[in-house]
Amino acid sequence: MTPPRELDLSTWKRRAHFDFFRAYELPFWNVTVDVDVTGLSARAAAPGGPSFFLSTLHAALAAANGVEELRQRLRGGDRVVVHERIHGGSTVMRPDETFAFAYFDFVPDYRRFAERASNVLGAVRSSTGPLEPRPERDDLIHFSVLPWITFSSFQHARRLERGDSVPKIVFGRHRESGGRRLMPVSVEVHHALVDGLHVGRFFEHLQARLDQE
């Protein structure tokens, strides 16, 4: 695993924005956007089709890896590092209706990703006991899935620790609208690192990937 590189804040074009927002007690901002999953939902529903969950997870990780700002993390409150590649940590429902955390290594090839991720899902779904959080890792995107509801906004439970800068993404239930199937996606980021432009680029990349998965 390649160690992250540290940004030189003295030459960083967002230094003023970083200094401004990192002083906030609540520096996170959140937006929810509908994405079109018409084609993917049809492919997933067909015999032998791909997993809808793993396809959306892979698409989101590919999109996030394509935006450097979503690979940036705070270190020690006054340092910023950039990971070469980020991976996924997601809630997974277990048969007893509790959830556990599962961790998925991102690889660009979907088939390889899905094969490995399916093994992880099987192991976590049959697990009992601890949630297995990994607070020491910041080379992640934190994912959650709410397949029971379609939402228009979302707020996470958080410890208000200034060192936490891992983005959080939530998928909701997709629905029919105007002959298309739309799925709400919530993205929450740290404003010292990520602006609206960067989240907009993420959603552009995400839609393109969803059309391909």
Side-chain angles (χ1 to χ4, degrees), residues 4-5 7 12-14 17-18 21-22 24 26-41 50-74 80-91 103-110 113-114 117 137-147 150-156 158 164-174 177 180-213:
R5 62 180 172 88
L7 284 183
W12 189 25
K13 65 180 179 181
R14 289 194 70 261
H17 306 75
F18 171 75
F21 284 112
R22 73 188 176 109
Y24 275 45
L26 189 62
F28 310 100
W29 67 276
N30 183 300
V31 65
T32 299
V33 175
D34 284 336
V35 297
D36 191 328
V37 294
T38 307
L40 176 58
S41 62
S51 161
F52 185 85
F53 167 63
L54 292 182
S55 294
T56 54
L57 180 65
H58 186 260
L61 283 172
N65 272 285
V67 180
E68 180 176 305
E69 288 75 14
L70 293 181
R71 292 185 278 112
Q72 294 175 356
R73 301 291 183 268
L74 288 171
V80 178
V81 299
V82 184
H83 288 285
E84 180 181 14
R85 178 173 292 186
I86 50 176
H87 308 282
S90 179
T91 56
Y103 300 92
F104 305 94
D105 290 339
F106 175 70
V107 291
D109 180 75
Y110 173 73
F113 172 82
R137 288 190 63 179
D138 65 2
D139 63 334
L140 299 171
I141 298 284
H142 292 158
F143 289 92
S144 295
V145 184
L146 277 71
T150 296
F151 55 82
S152 57
S153 64
F154 195 92
Q155 182 171 327
H156 291 271
R158 274 195 179 272
D164 181 12
S165 58
V166 175
K168 299 182 183 297
I169 296 176
V170 184
F171 302 126
R173 181 179 181 178
H174 55 85
S177 178
R180 311 298 293 175
R181 295 212 63 86
L182 304 181
M183 181 178 72
V185 178
S186 163
V187 176
E188 184 168 297
V189 291
H190 196 298
H191 212 340
L193 304 176
V194 185
D195 297 329
L197 172 66
H198 312 126
V199 173
R201 287 173 177 161
F202 164 79
F203 275 107
E204 289 179 2
H205 294 332
L206 175 59
Q207 187 61 66
R209 295 292 310 198
L210 290 170
D211 292 341
Q212 299 170 11
E213 295 288 343

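Note that CZ of Phe202 is 10.5 Å distant from CG of Asn65, once rounded to the nearest 0.5 Å. Distance check, rounded to the nearest 0.5 Å: NE2 of His87 to CG of Asp105 gives 5.5 Å. Distance check, rounded to the nearest 0.5 Å: OG of Ser51 to CG of Leu40 gives 9.0 Å. Between atom CG of residue Asn30 and atom NE2 of residue His156 there is a gap of 6.0 Å, rounded to the nearest 0.5 Å. Going from atom NE2 of His142 over to atom CG of Asp164 covers 7.0 Å, rounded to the nearest 0.5 Å. Of the inter-residue distances, the one linking Leu61 atom CG with Phe113 atom CZ reads 5.5 Å to the nearest 0.5 angstrom.
Side-chain contact between Thr150 and Arg173: present, with at least one pair of heavy atoms (C-beta onward) separated by less than 4.5 Å. At least one side-chain heavy atom of Val80 sits under 4.5 Å from a side-chain heavy atom of Leu74. Within the 4.5 Å cutoff, the side chain of Ile86 has no heavy atoms near those of the Phe106 side chain. Two residues are said to be in side-chain contact when any heavy atoms from C-beta on lie closer than 4.5 Å; Val82 and Pro4 fail this criterion. Contact annotation: the side chain of Val187 approaches that of Ile169 to within less than 4.5 Å [non-hydrogen atoms, C-beta and beyond]. Side-chain contact between Asp139 and Arg85 is absent, with no heavy-atom pair separated by less than 4.5 Å.
Taking the centre of each ring, Phe52 and His174 come in below the 6.0 Å mark.
Every residue was checked against the ring-ring contact (aromatic ring centres under 6.0 Å, His included) condition with Phe53, not counting sequence neighbours, and none meets it. Contacts of Ser55 classified as side chain to side chain donor-acceptor pair (under 3.5 Å), with partners at least two apart in sequence or in another chain: Tyr110. Under the side chain to side chain donor-acceptor pair (under 3.5 Å) criterion, Gln212 pairs with no residue at all, not counting sequence neighbours. Here Tyr103 pairs with nothing under the ring-ring contact (aromatic ring centres under 6.0 Å, His included) rule; sequence neighbours left out. Partners of His17 by ring-ring contact (aromatic ring centres under 6.0 Å, His included), not counting sequence neighbours: none found.
Within the structure, every pair that satisfies the salt bridge (Lys or Arg N to Asp or Glu O under 4.0 Å) test and touches residues 186-208, not counting sequence neighbours, is listed here: Arg14-Asp195, Arg158-Glu188.
Taking both residues in full, the closest heavy atoms of Ala64 and Arg71 are given as O-CG, 4.1 Å, listed atom of the first, atom of the second, then distance. Considering every non-hydrogen atom in both Phe154 and Val170, the closest pair reads CE2-CG2, 3.8 Å. A pairwise comparison of heavy atoms in Ser177 and Leu182 identifies CB-CD1, 3.8 Å as the closest pair. His205 and Gly66 get closest at one heavy-atom pair: NE2-O, 3.9 Å. Of all non-hydrogen atoms in Ser153 and Thr32, the two that sit nearest each other are CA-OG1, 3.6 Å. The shortest heavy-atom contact between Thr56 and Phe171 is O-CZ, 3.6 Å.
Comment: Arg5 engages Glu68 in a salt bridge, judged by a side-chain N to carboxylate O separation of less than 4.0 angstrom.
Between Phe18 and Trp12, the ring planes are tilted. Angles from 30° to 60° get that label.
For the ring-ring contact (aromatic ring centres under 6.0 Å, His included) with His190, the qualifying choice from Tyr24, Phe21, Phe28, Trp29 is Phe28, the only one to do so.
Side-chain polar atoms of His83 and Asp138 form a donor-acceptor pair below 3.5 angstrom.
Under a 3.5 Å cut-off, the side chain of Gln207 and the backbone N or O of Asp36 do form a donor-acceptor pair.
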